[in-house]
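Some notes on the structure that comes next.
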Amino acid sequence: MQSLKTKTINGLIWNTIDKFAVQGIGFGIGIVLARILMPSDYGLIGMLAIFIAISQLMIEGGFSSALIQKHKPTNVDYSTIFYFNFIVAAIFYLILFLTAPLIASFYEVPQLTLITRVVSLSILINALSIVQQTRLTISLDFKTQTQVSLFGVVISGVLGIVAAYQGCGVWALVIQNLSSAFVRMLFLFYYNKWIPKFLFSVSSFKKLFKFSSYLLVAT
């Protein structure tokens with residue numbers, strides 16, 4: 001059994017590797033894609049960035065930090081937040097799906113309707129990963145998190161580049177975005193060996209929400 005000190009040191013090492021290796025590879029993939037795609041392709045995705053970012057912020061809602069700060073969170077806690085995150089994600093996805101024509105009309109870009117509805121699927125996929133990621137953080141398992149990030153950035157990068165070379169344009173970026181979220185979700189479930197129980201505790205939710213709400217407001 002590793003001591004807390006050893007886990008912390010290993011965590012710092014892997015966190016550093018994560019920042020340099022994962023971000024370095026991502027940067028390289030970005031350069032390759034930038035040489036193939038048009039600036040307008042990035043512009044279309046950039047138009048949706050604010051909507052996706054706000055949705056992600058509201059979905060997470062500070063619950064990861066609430067679970068991390070709680071002493072020995074239970075299966076009930078994890079399952080409760082897992083289902084809550086996914087329900088909120090489904091609501092935000094539905095909102096974006098229905099308002100996609102309005103977004104396209106606002107930017108005067110008709111094709112944004114379909115792009116918004118497809119790229120927003122990442123919200124649902126990421127919602128499935130939040131608790132899994134949090135469990136690894138609680139156990140100070142940054143090595144696994146780094147491995148998952150590497151798999152995600154490499155596989156999604158390759159798919160994005162292939163799609164770009166095939167002339168998919170902006171859809172290459174959509175493919176890269178969705179595949180990254182999907183690959184990360186799959187590997188997080190694989191490494192965690194944790195499946196949510198059919199449990200939802202109102203009392204557990206209230207206790208965690210009390211802490212997370214302060215973080216959400218502060219953000």
Side-chain angles (χ1 to χ4, degrees), residues 13-60 64 89 92-93 95-97 99-130 132-133 136 142-188 190-191 219:
I13 293 173
W14 281 104
N15 192 44
T16 302
I17 294 174
D18 185 9
K19 289 187 179 301
F20 284 94
V22 176
Q23 292 185 19
I25 293 173
F27 180 73
I29 291 172
I31 292 177
V32 175
L33 286 172
R35 293 180 64 85
I36 305 171
L37 301 176
M38 301 292 291
S40 58
D41 295 325
Y42 285 92
L44 290 173
I45 297 299
M47 292 175 184
L48 303 175
I50 183 63
F51 300 104
I52 301 298
I54 291 175
S55 297
Q56 290 288 168
L57 177 63
M58 298 304 295
I59 291 165
E60 201 283 327
S64 291
F92 272 91
Y93 176 73
I95 291 173
L96 287 174
F97 185 92
T99 59
L102 297 177
I103 295 174
S105 177
F106 176 79
Y107 286 113
E108 298 181 347
V109 182
Q111 69 184 113
L112 267 184
T113 297
L114 181 57
I115 294 175
T116 300
R117 289 173 172 173
V118 176
V119 78
S120 295
L121 288 170
S122 63
I123 294 173
L124 294 173
I125 300 172
N126 286 330
L128 298 175
S129 304
I130 295 174
Q132 301 285 13
Q133 181 91 30
L136 291 177
F142 294 101
K143 176 182 178 180
T144 298
Q145 292 187 56
T146 300
Q147 291 174 336
V148 170
S149 296
L150 281 171
F151 287 134
V153 73
V154 171
I155 295 176
S156 65
V158 170
L159 292 175
I161 291 172
V162 170
Y165 270 115
Q166 293 298 315
C168 294
V170 66
W171 290 102
L173 297 176
V174 174
I175 290 171
Q176 182 191 24
N177 184 287
L178 290 180
S179 60
S180 175
F182 187 72
V183 169
R184 289 187 72 261
M185 183 268 292
L186 284 182
F187 278 102
L188 282 171
Y190 173 77
Y191 282 117
T219 304

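Worth saying up front: this structure is predicted, and the values here are computed from it rather than measured.
- Smallest separation of non-hydrogen atoms from Ile36 and Ala164: CG2-O, 3.6 Å.
- With rounding to the nearest 0.5 angstrom, the CD1 atom of Ile125 is 11.5 Å from the CZ atom of Arg184.
- Atom CD of Gln147 and atom CD of Gln145 lie 11.0 Å apart (nearest 0.5 Å).
- Below 30°, between 30° and 60°, or above 60°: for Phe151 and Phe187 the angle between ring planes is below 30°, a parallel geometry.
- At distances below 3.5 Å, at least one donor-acceptor pair connects side-chain atoms of Tyr42 with backbone N or O atoms of Ala34.
- One finds the CG atom of Asn126 at 11.0 Å from the CG atom of Leu121 (value rounded to the nearest 0.5 Å).
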Can you list, pair by pair, the side-chain donor-acceptor contacts under 3.5 Å of residues 166-181, counting residues two or more places apart and other chains?
| from | atom 1 | to | atom 2 | distance (Å) |
| --- | --- | --- | --- | --- |
| Ser179 | OG | Ile175 | O | 2.7 |
| Ser179 | OG | Gln176 | O | 3.2 |

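- Rounded to the nearest 0.5 angstrom, Phe92 CZ and Ile59 CD1 are separated by 6.5 Å.
- Within a 6.0 Å sphere centred on OH of Tyr93, other residues, nucleotides and ligands contribute more than 12 heavy atoms.
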For a quick test of your reading: what N or O donor-acceptor pairs under 3.5 Å do the side chains of residues 153-162 make, sequence neighbours left out?
| from | atom 1 | to | atom 2 | distance (Å) |
| --- | --- | --- | --- | --- |
| Ser156 | OG | Gly152 | O | 2.6 |
| Ser156 | OG | Val153 | O | 3.4 |

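- Annotation: side chain of Pro101 is in contact with side chain of Arg117 (closest heavy-atom distance under 4.5 Å).
- In this structure, the separation between CG on Leu37 and OH on Tyr165 is 10.5 Å, given to the nearest 0.5 Å.
- Taking both residues in full, the closest heavy atoms of Gln56 and Ser122 are given as OE1-O, 3.9 Å, listed atom of the first, atom of the second, then distance.
- Tyr107 places no side-chain N or O within 3.5 Å of a backbone atom of Leu112 that could act as its donor or acceptor partner.
- Expressed to the nearest 0.5 Å, how far CD of Gln23 lies from OG of Ser149 amounts to 9.5 Å.
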Check against side chain to side chain contact (heavy atoms under 4.5 Å, CB included), Ile103 and Leu96: CA-CA 9 Å; Ile103 295 174; Leu96 287 174; 4.3 Å; yes

